[in-house]
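Chain letters run A, B, ... following the sequence lines, proteins first and then strands; every chain starts at 1.
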Amino acid sequence: MAPKSLNQPCEDKVLLDLWHPLGAVEAMPRNRVRHDRLLGVPLTLGRSPEGRPAVWRRPPDGPQPTVWPAEGPTGPTLPVIEQYGCLWTSLGTPRPIFPIPEAEERDRRLLHAGSVMLHTSAPRAVENFLDMGHFPFVHTAVLGDEPHTEVKDYTVEVSVADQEILATDCVFYQPQAALGAQGGADVDYVYRVPHPHCSVLYKSSPGYEGRLDAIALFVQALDQERIRAHMWLCLLDDDQPDWALRRFQMSIFGQDKPILENQLPRRLPLDPRAETPIRADKSAVAYRRWLGQLGVRYGVIAGAA
Amino acid sequence: MSAEELLLRAENAWHPVASESDLVHRHVFHGQLLGQELALWRADDEHINVWENRCLHRGVRLSIAVNDGRELKCQYHGWRYANRTAACTYIPAHPADAPARTIRNGTYPVRTSGGMVWTAVGQPTGEPPALGQGLVLRPVPVRARPADVITLLLEQPPALPDAQPPTAKRRGDLVVELESVGFLVVQPMDSDRAVIRGVLSSQGPAGERLRILRHFDAALTRLRDTAQDRAADEAAPAPLLPRYEPVPKHLASLPESSGHHDLPTRVRVVRTWSAGAGVRGLELGPVDDRPLPTGQAGAHLDVALPGGLVRQYSLVNGPGETHHYVIGVKLTPGSAGGSAAVHERVREGDVLAVSLPRNGFPLRRDRTRTLLIAGGIGITPLLAMAQTLEHQRLSYALHYFAAGEADVAFRERLAALGSVRTVTGLDPAATEAELERLLGAAGEDSQVYFCGPPPMLDVARDVAGRTGWPRDSVHFEYFRNDRTLDHSSRFEVVLARSVLNLTVEPGRSILETVRAAGVGVPSSCEQGACGTCRVAVIDGRPDHQDVYLDDEERAAGDSVMTCVSRSLTPRLTLDL
């Protein structure tokens, strides 16, 4: 596929009909607009002076105002919802967004932890989020530490009914599993992939036996090889200030960024023979297969079939 | 020839991709040739590697990997790729698996000429041009078609300072000779990118070199500007697409867990050293605060080695020496590769998977005197025993038969013992005579432990029989089974407790057959030497092919080594 096609708008109906994140609502000032992209489509998004968010398609060569237009949106608006700390939109006909039941629990802290631009595809970023094997090497002394490198066997299911991938019984040794954690521990993880560009992980919460913190990655595919990754926290931790939680998540993402941007090819290859999976990559294998079954072509290199 | 034809031909030709001086100690250099990214690195043994710039696991560039002098370690998951072969030697996520599969990264051929490193992405014919060790010019990257750069160099050949332009002759698609000055070579990075590299025929006087280098740098920079000005007038050609070769089919699916060996412990290689001629000592420490399971004198470990082999090594540890395991591995030429893997591929800092210590050679401490007789690397379990006996102030004598003085292993440990005698340089006949002397002089209430090569143990067994040693006072540990095994029979095994009747086919062992039916049996050496897979026989007559059982045990026929032994009767009933 010629590189120029990287800028072509997405034609995968399965992706167009989903909700996609555009970033934290609180980061969008009233009475202003900004220019953005989603799946190769130029967008204008902003909040009216009353605080109402709106998103509409932007002609690529049109004027680029920064102030909310006095006469309102300059084109037909796209559907929007505010959910999980983000503004979401869709370029097609969206079904209800995937549930994160923990967001309804009253004792949880909900926090948009930040948005990061990355020069990679959305599926590469999701796959990295699912991966435990890199913890000792990329997040050294934080999420993992040599020589505790073993990825023990875990369970992966693709749930047809819920249309998501679920990885359970994941355990990994972490020297400092969360900001509030003291010392190393085996940490339990559960991963969900309820959306081709989103994943939610659940991990043991220090001090909350039996309950799990939820951390979500919502990827906005700007085009096939450029993304903005939005991190959202749904924590039981009540002690840490917002800035400390954000700084921790940003430092983790800052460690992933140079690795992800040095991954070639940038689009995720779905052909099983493109790369060498090991047992630790079970969830990634399931994810690649699932993308292929969904018929996703955008941001991936299609398999041999 | 069109620019496209030139690029096509360039596939199967040699091109310079780096200056030799770019490959500094422990660095990885990022290169590119015909759209293909390269990772170049020099190992501590000076070998220059030119590899595909991509870890086979998840595609991360190896130009950001760690060069540890012998291997590249990928930044993403710590996979290690060996100097020269680019074979994956270690996958940290599965320390017990010891990459059994032949995972190899892409490599390209390497030559050096004219202070430059040359390679080819296709199948090069011949060799790169032989250029002398002159003054290597600073490479100048140019954003223009390689063919146009060559044309320009022929048109406007750069001259030496204060000299007339030299005659320029084309010496290949992308090589220009500047008569009596040197050579310029165009590296085709991509369809519209090139690097001008060059080497002057003479180093020049030392005081002049910097001036000459600057002069050529300025001249080539002017040529670059000209080439880029010209290129700006035409549409840039489409870049060449990198080729990502598919991995072999067998690597594309998830491998099974590493077989049936139960290797629950992770140990870190703390120290390795030469413990004697051809013997590598390994100190294996815990990876965390938890203490290692302790082995007794005579015990061995199953160790998963790089390359997928699992091998048994006796513990050399003395009593109380529980903070690590010490083993000694003799390099055996012509072996299946276990000893070679330990000698060549295991390194300090590596994490290995090992079994719990198993003891098929336990040391009795209820005799007034113990003889320990070792041959070669058979010293390892006997050294553990000698240290135990010494520590408990029990009477013993260790006789260590070695080929020569240099072959004596673990000298420091031997030196700390009170009753050691090394016997070197004996031929088989002299060895037999010496064994007769030692065994003949043994007194009442003695016992003897032997460990060594199978021929020596067979002789020792004869001598012990001849000199009237009671069977329960003589103990052997074979470290391999040299017997010719006969797997040709077909018979039925009845598993009494599992209520299963199974047919053991020719070429399959009882152990394999039983396991395939889902019944677990522990095993270790799987060649009839260690005793781990011993199973009680309830009915039928075993066809013993092991070296673990002694004559009386064989005659009794009430147990069988399921890894190699078979059945003389059509049916063998086992207590399983």
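In this structure A:Pro136 satisfies the side chain to side chain contact (heavy atoms under 4.5 Å, CB included) test together with A:Glu146, A:Thr149, A:Phe172, sequence neighbours excluded.
Of the atoms belonging to B:Leu56, heavy atoms from both backbone and side chain fall under 4.5 Å from chain A. Looking at B:Arg58, the atoms closer than 4.5 Å to chain A (heavy atoms on both sides) sit in the backbone and in the side chain alike. Contact of A:Asp153 with chain B is not made at all, since no heavy-atom distance falls under 4.5 Å. The part of B:Asn53 that comes within reach of chain A is its backbone (N, CA, C, O), which places non-hydrogen atoms under 4.5 angstrom from that chain.
The aromatic rings of B:His57 and B:Trp79 sit parallel to each other, their planes meeting at less than 30°, with 60° as the upper class boundary.
More than 12 heavy atoms of other residues, nucleotides or ligands lie within 6.0 Å of CZ in B:Arg347, so this atom counts as buried by the packing criterion.
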Could you tabulate the donor-acceptor pairs under 3.5 Å formed by side-chain atoms of residues 234-247 of chain B, not counting sequence neighbours?
{"unit_1": "B:Arg243", "atom_1": "NH1", "unit_2": "B:Glu11", "atom_2": "OE1", "d": "3.2"}
{"unit_1": "B:Arg243", "atom_1": "NH2", "unit_2": "B:Glu11", "atom_2": "OE1", "d": "3.3"}

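By number of non-hydrogen pairs under 4.5 angstrom with chain B, the leading residue of A:Met132, A:Glu127, A:Lys152 is A:Glu127.
Rounded to the nearest 0.5 Å, atoms NE2 (A:His197) and OG (A:Ser121) are 8.0 Å apart.
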